[in-house]
Structures are given as structure tokens and as C-alpha cells.
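One structure below.
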Amino acid sequence: MDCPAWRMVVVVPTYNERTNLPLLIGQVMEQTGFSVLVVDDSSPDGTGQIAEDLSRSYAGRIAVLHRSPPRGLGRSYQEGLRRALELGAEVICQMDADLSHDPAYLPQLVAATDEADVIVGSRYVTGVSVANWPLHRLLLSLAGNAYVRMITGLRVRDATSGFKCWRRSALNHVLDSPLRSEGYALQFEMLFHAARARFRIVEIPIIFVERREGASKMSWRVMRESLLRPLQLMLSRPSRAPVDAHPRSSEMRIP
Ligand SMILES: Nc1nc2c(ncn2[C@@H]2O[C@H](COP(=O)(O)OP(=O)(O)OP(=O)(O)O)[C@@H](O)[C@H]2O)c(=O)[nH]1
Ligand SMILES: [Mg+2]
């Protein structure tokens, strides 16, 4: 599968997204040049089989990675992103399957990799751009981001965003870093290692839409991890020097 179709790969983790996945895949396929790697965690609702069916409908542009229990977003992302590198991808995007992230932004995010190493589709560049979120979710997200910035020094307004694009060199470096997060904390943990290695991170505004179908997988365990991980990152030591980074990074006060 190391053909040009796999130069730009979108990694999509799924757990019980049977209604959303076909819509998402259809919308990504409308974008020229993108392929999709679905990382399904043995979803009880049959999302994995639906992904297989979709891979036959869009032959050569969809691949499916089936994981065995125990499930975990962190591991799914790491496995999927590594597989995208093995497939030869030069630009690797990641997005949720629940239609909160509009695939129409993908070309814009990829274009920005000409100037930067990591592109974050951000809810908080131009004020707050979220639709249909209950107030408590918004406050939790804003407070979480403020906390991550304050403790880690990361200068990214939406550090918990799951909508990102990576240049191959930056992703390679970050996947070689000691990643520990099981849940959403992986989003800022990966950014932290990219910023520490002085890869250039930019944020591009997106409008985030709350999921209409399926259920959120947010849990207390995930939230507790998100509270502890910034402290652990702050206390951690740099591992090794970066390769092939864009020259400047102003997104972090390097400790
Ligand atoms: N492979 C895998 N995917 C997961 C797991 N947990 C969540 N996902 C997927 O990760 C993406 C984000 O999960 P959501 O539950 O939407 O989390 P969220 O977007 O932070 O929360 P909401 O705003 O409530 O939707 C979705 O595509 C999920 O299907 C998991 O354990 N394994
Ligand atoms: Mg979601």
C-alpha cells in the first residue's frame, strides 16, 4: 500500500461509531488525495465490520486496523499513527469519527504543513468556536486547556484537540518519545514532546460541532489522567535532540 494514495493519511480511532463512520468516510473521500486508516477497538456495535465494508467500496483508500481488548484511545492512536508512517505517509492527520471535526478543513490543515510541523485544528483561536456544546463541557475544556498551558508551558490554546496534521519528521520524533497517556491526555502529551523538540506548532481555527449520534467515551479515569499528566510532563527530562524541525518555535517556554 505504499502508493501515492498513502502520502496523506487520516487516522481515525473508533469505538461504537457505526452511524457516524460511513458519513465521515464519505466526506473524507470527497477530499482529493486522502486515505483513511480506521483504528477500531473491537467495537461491540460492529463498527469494525462497517469499516471493512467501506474499505471495499473505496478500494485502495481505506485500511482498517482491528485491535483486541483491552481498548484504549492512547494505544489506538499510537498504533494507528505508527502504521501510517509504515505506509509511507508524509503528512499524517488525525480526527475523531463522531463528525465533530469537519473533513472539509483537511486541505487547509495539510497546506499549513508547508510552514509548520504540527497543525492543530483549534476551537479557541478566534474566541470560542464550538456548536451545541453544553456549558459544562465548554467550561471543562477551557479550564483543562488553561491548566495544561499553565503547568507545562505549552503555548497552544487548544492543546486537547484531536484534529491535527503532522509532518512525518515531527510525528516520528514524538512517537519515539516516552508516551504514557491512555486517554485524551495523549493529545497534549504529544504536542508537549513536539514543542520541547522545537518543532513548529500552529493553530488553525475550526468550528467544532458536538456529536449527534453515539455516546462520548469520557470517563473519570481519563479526567484524572488529564490532571496528573501535565505535572508529570513538567517534571520530566528532555530525551533527545530533534531532527529536521522547522527553525523556530515560539509555542512553549522551554524549561
Ligand atoms: N479505537 C478507539 N477509539 C476510541 C476509544 N475511545 C474513544 N474513541 C474514539 O475517539 C474519538 C473521540 O472520542 P469521543 O467519545 O468523541 O470523545 P470526545 O470527542 O473527547 O468527547 P465528546 O465531545 O463527548 O464526543 C471518537 O472517534 C471515538 O470513537 C477507544 O478506546 N478506542
Ligand atoms: Mg467527540
Side-chain angles (χ1 to χ4, degrees), residues 10-28 36-52 54 62-84 93-103 105-106 120-124 128-145 148 158-164 179-191 206-227 229:
V10 186
V11 175
V12 181
T14 54
Y15 189 73
N16 288 349
E17 301 286 2
R18 62 172 299 132
T19 317
N20 293 319
L21 188 65
L23 296 169
L24 178 84
I25 297 279
Q27 290 173 20
V28 177
V36 177
L37 175 61
V38 177
V39 188
D40 186 65
D41 247 338
S42 307
S43 296
D45 76 346
T47 301
Q49 185 54 49
I50 289 170
E52 286 293 342
L54 288 163
I62 315 268
V64 190
L65 193 68
H66 298 277
R67 294 190 71 251
S68 319
R71 78 173 177 96
L73 186 59
R75 295 257 172 82
S76 295
Y77 260 129
Q78 288 190 55
E79 275 184 41
L81 293 168
R82 279 205 176 86
R83 180 64 64 87
C93 302
Q94 53 172 100
M95 65 194 299
D96 293 354
D98 58 2
L99 305 174
S100 288
H101 302 146
D102 187 342
Y105 291 115
L106 283 170
V120 180
S122 175
R123 292 163 284 197
Y124 308 126
V128 171
S129 53
V130 297
N132 303 335
W133 244 11
L135 186 62
H136 74 274
R137 265 315 290 272
L138 178 60
L139 293 177
L140 189 66
S141 172
L142 288 171
N145 270 295
V148 168
D158 195 355
T160 55
S161 170
F163 199 7
K164 293 204 274 280
L179 299 172
R180 299 188 190 180
S181 301
E182 290 294 327
Y184 309 100
L186 185 74
Q187 306 297 358
F188 63 77
E189 186 177 21
M190 290 181 74
L191 287 180
I206 59 151
I207 297 172
F208 175 97
V209 184
E210 169 63 335
R211 65 159 74 238
R212 294 214 187 97
E213 300 291 338
S216 170
K217 285 96 203 173
M218 186 71 84
S219 67
W220 284 112
R221 191 159 158 252
V222 160
M223 280 198 243
R224 191 185 58 192
E225 178 183 67
S226 300
L227 277 178
R229 188 68 63 219

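In listed order, ligands and their atoms are each counted from 1. Just so you know, these numbers use all the heavy atoms, side chains as well, and skip hydrogens, waters and symmetry mates.
Remark: Arg71 is positioned above the aromatic ring of Tyr15, its terminal NZ or CZ atom under 6.0 angstrom from the ring centre and at most 45 degrees off the axis.
Scanning all heavy atoms of the two residues, the minimum distance from Glu225 to Glu182 falls at OE2-N, 2.7 Å. Nearest approach of Gly162 to His101, heavy atoms of both residues: C-CE1, 3.6 Å.
Annotation: side chain of Leu81 is in contact with side chain of Gln94 (closest heavy-atom distance under 4.5 Å). Side-chain atoms of Gln187 and Asp158, non-hydrogen and from C-beta on, never get closer than 4.5 Å to each other.
Taking the Mg ion (ligand 2) as reference, the nearest N/O/S atom within Asp98 carries the name OD2.
When hydrogens are left out, the protein atom nearest atom 5 (C) of ligand 1 is Arg71 NH1, 3.5 Å; that is the closest non-hydrogen contact. From the protein, the heavy atom lying nearest to atom 8 (N) of ligand 1 is Leu73 CD1, 3.7 Å. Counting only heavy atoms of the protein, atom 28 (C) of ligand 1 lies nearest to Glu17 OE2, 3.2 Å. Among protein heavy atoms, the minimum distance from atom 15 (O) of ligand 1 is reached at Lys217 N, 2.9 Å. With hydrogens left out, the protein atom closest to atom 20 (O) of ligand 1 is Tyr184 CE2, 3.2 Å, a heavy atom. The protein heavy atom nearest to atom 32 (N) of ligand 1 is Asp41 OD2, 2.6 Å. In terms of protein heavy-atom proximity, atom 22 (P) of ligand 1 is closest to Arg137 NH1, 3.4 Å. What sits closest to atom 14 (P) of ligand 1 on the protein, heavy atoms only, is Arg211 NH2, 3.4 Å.
For Val39, every heavy-atom contact with ligand 1 shorter than 4.0 Å involves the backbone, none the side chain. At a heavy-atom cutoff of 4.0 Å, ligand 1 is contacted by both the backbone and the side chain of Ala97. With a 4.0 Å heavy-atom cut-off, ligand 1 is reached by the side chain of Glu210 but not by its N, CA, C or O. Residue Thr14 touches ligand 1 through its backbone alone, judged by heavy-atom distances below 4.0 Å.
The contact set between ligand 1 and Gly72, taken as ligand atoms under 4.0 Å from a residue heavy atom, comprises 30 (C), 31 (O), 32 (N). Residue-ligand proximity, Asp98 to ligand 1, at heavy-atom distances under 4.0 Å covers atoms 16 (O), 19 (O), 25 (O).
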| request: Please assess Arg67 against Ser76 for the test side chain to side chain contact (heavy atoms under 4.5 Å, CB included), listing each intermediate value before the final yes or no. | output: CA-CA 8 Å; Arg67 294 190 71 251; Ser76 295; 3.5 Å; yes

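When Ser100, Pro70, Ser76 are checked for heavy-atom proximity to atom 1 (N) of ligand 1, Ser76 turns out nearest.
Inspection of the Ser141 and Tyr124 side chains reveals an N or O donor paired with an N or O acceptor under 3.5 Å.
Separating the OG atom in Ser122 from the NZ atom in Lys164 is a distance of 10.5 Å, to the nearest 0.5 Å. Atom-to-atom distance recorded for Glu210:CD and Asp98:CG is 7.5 Å, nearest 0.5 angstrom. Rounding to the nearest 0.5 angstrom, the gap separating the CD1 atom in Ile206 from the OH atom in Tyr105 is 6.5 Å.
Not one N or O of Asp40 is nearer than 3.5 Å to an N or O of ligand 1, by distance alone.
Within the 3.5 Å criterion, the main-chain N or O of His66 finds no donor-acceptor partner in the side chain of Asp40.
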